[in-house]
Number of protein chains: 2
Amino acid sequence: MWGEQGRLAAMSPRIEESPRPVYQQLADSLRAKITAGELAPGEQVPTEKALAEEFGASRATIRQGLMVLVNEGLIVASRPRGYFVRRHERCYFRPQAEWEEQPASPEMDRWMTEQTTLGRTPSQRINVEIIQPPDRVADRLALNPGDLVVVRRRVRYLNEEPFNINDTFYPFELVQGSEIVNPADIARGASEVLAELGYEQVRAIDEIEARMPLPDEAARLELGVGMPVAVHRNTGFTRDDKPVRHTVNVLVGSKHVILFERRKPQGATGNE
Amino acid sequence: MWGEQGRLAAMSPRIEESPRPVYQQLADSLRAKITAGELAPGEQVPTEKALAEEFGASRATIRQGLMVLVNEGLIVASRPRGYFVRRHERCYFRPQAEWEEQPASPEMDRWMTEQTTLGRTPSQRINVEIIQPPDRVADRLALNPGDLVVVRRRVRYLNEEPFNINDTFYPFELVQGSEIVNPADIARGASEVLAELGYEQVRAIDEIEARMPLPDEAARLELGVGMPVAVHRNTGFTRDDKPVRHTVNVLVGSKHVILFERRKPQGATGNE
DNA sequence: CACCCCACATTGTCTAGTCAATCAGGACCA
DNA sequence: TGGTCCTGATTGACTAGACAATGTGGGGTG
């Protein structure tokens, strides 16, 4: 009971300020079991009722503790079956792959190819819009106020589970009338189409940030609480430094590792 | 009251399944105000009591709604002053900077230099340990079981606020007896010392993932709930592909953007 | 004027209950 | 056998309270 908790606090030898609240103790206890592997991924966590008895606390307090773990992404609640330890399996996301010397796949784009070879079943949904760009996009594409963009929006699935969001923006006047405005998969890649139009990309800037998803992102990715996303923004430039493409990838944090490889430039001294 | 909620649900024209729970409505309402700028960063959110009256709900329900926003990183509670809209300002983190052709700073390492030039006051805490490496590190450094590593652990601060954790691991047998084992700042950079020892790095692999912080990371970075981190792992290789250094950066998500720049390799065809 | 202390408003922790929603599995029936 | 319905266990949403902890600001004191 609550009173008991209060009394214990008063009697304890005051190690380090105040005693940890019950709900934190619960979270710590379960977290330890999970990280130690005592509770394996997919396994069921004891029910609220069982924990309430074990910790001698009310259900609300137990729930508060379980919420901590849910928000940390360690467990998920599946009503009315109970709480389960979350499964994690990440796969690599390689922005550099777009310029690697391998033939493009005839049907799907390169991301898909990489996935299929791993024995998974990828799919995607494409839709195309012509819109006024969000500020961030307008900035990266160096557009003037009022300029329009074509955006190809994709949600990619792996084994029926939403995996990431991929929105690519092109200045409207560049791609007007081309295949890019068509909401179908482009076998040879949208960037190849862009190159055919005279805008070959030779340089790119990648920006990566970690944050919690916005509500609409959470909905599109079917994310529960406690699942951060990695946002990867990629801007492609032509030889004369004109930005012609801006891609926003929203990656489910627990499912991706972003990978880069770098070489020391010839003649560089290095200073770290 | 609760009964009222139930009745409303029964009477409503059943748009799209069930009505949104009160605490979600609260979260949605405040989130909209925040993203619209109606509630500016740093500004105070109405108190629990005020919101309870406004929404005709109990304090527990209001708290549940506020917790959603706390976990999304949109607001922070500062007892007993109230809830405030969180401030966000990011700065760039550029792994590639280590190999750029600029002179190393004489006193601080390059990260610090970049910060000071922006008119902030950086500081760091270094400590050095010799330990058995965690599995992930042992794997990346291709160590044998039982091999030891030297780890230089740093917490970096900006304006007294913890900013990121930077742990760099070196195979013990490579750096034994060198400056690297010394828990002081190395003016010319630890990698330069490594180069002097005959292990110049010419290639690096970067891995980036987004997740919620572990409890000890949260403690070291003084993170509240709802703040994801970006984990940046960097492995450095010598000319003969021997891994000689592994760095783990834990970056507070809301404070960093990781930046890369790439060029299309000469002769590459491009296939996306 | 400066300083200290206390009251107050606010969030943090917790209890003990109610009713709703949902899924699994068993009982029942054709 | 196979489908249908119902029951029970479990989480989701919510109420109405209680006492604890803690900055802030105002009032009193030296």
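Below, each value reflects all heavy atoms present in this structure, side chains not excepted, and no hydrogens, waters or symmetry copies. Naming convention: chains lettered A, B, ... in sequence-line order (proteins, then strands); numbering from 1 in each chain.
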Exercise for the section: Please list all pairs passing the side-chain hydrogen bond (donor to acceptor under 3.5 Å, both in side chains) test where one or both residues lie in residues 70-81 of chain B, with sequence neighbours left out. Expected result: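 Non-adjacent pairs meeting side-chain hydrogen bond (donor to acceptor under 3.5 Å, both in side chains): Asn71(A)-Asn71(B), Arg31(B)-Glu72(B), Ser78(B)-Arg81(B).
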[X] [atom1] to [N] [atom2]: how many Å, rounded?
X        : N       : atom1 : atom2 : result
Leu26(B) : dT15(D) : CG    : P     : 12 Å
Ile62(A) : dT13(C) : CD1   : P     : 14 Å
Gln64(A) : dT15(C) : CD    : C1'   : 12 Å
Phe55(B) : dA13(D) : CZ    : C1'   : 16 Å
Gln25(B) : dA13(D) : CD    : P     : 12 Å

Exercise for the section: Test Asp167(A) against every option in Arg154(A), Arg152(A), Arg220(A) by the salt bridge (Lys or Arg N to Asp or Glu O under 4.0 Å) rule and name the one that passes. Expected result: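 Running salt bridge (Lys or Arg N to Asp or Glu O under 4.0 Å) over Arg154(A), Arg152(A), Arg220(A) with Asp167(A) returns exactly one hit, Arg220(A).
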Handout entry: Tyr23(B) vs dC14(D): side-chain N/O to OP1/OP2 distance below 4.0 Å
Key =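 Tyr23(B) to dC14(D) OP1/OP2: no side-chain N or O under 4.0 Å.
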Handout entry: OP1 or OP2 of dT15(D) under 4.0 Å from side-chain N/O of Thr61(B)
Key =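 For Thr61(B), the contact criterion (side-chain N or O under 4.0 Å from OP1 or OP2 of dT15(D)) is met.
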Practice task
State which residue, out of Leu39(B), Leu30(B), Val45(B), fulfils the side chain to side chain contact (heavy atoms under 4.5 Å, CB included) condition with Ile75(B).
Solution key: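 Single side chain to side chain contact (heavy atoms under 4.5 Å, CB included) partner of Ile75(B) among Leu39(B), Leu30(B), Val45(B): Val45(B).
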Completion exercise
In B/S/- notation (B base, S sugar-phosphate only, - none; protein heavy atoms under 4.0 Å), nucleotides 6-11 of chain C written 5' to 3' is ---BBB
Exercise for the section: Would you please test Arg90(A) and Glu207(B) for salt bridge (Lys or Arg N to Asp or Glu O under 4.0 Å) and show each step? Expected result: CA-CA 12 Å; Arg90(A) 294 173 192 268; Glu207(B) 300 167 75; over 6 Å; no
Practice task
Give a yes or no on this: more than 12 heavy atoms of other residues, nucleotides or ligands lie within 6.0 Å of atom CG of Asp135(A).
Solution key: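 No, CG of Asp135(A) has 12 or fewer neighbouring heavy atoms, counting only those of other groups under 6.0 Å.
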Handout entry: Where Phe169(B) and Pro134(B) come nearest, the two heavy atoms and their spacing
Key =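 Reported closest heavy-atom pair: CE2-CD, 4.2 Å.
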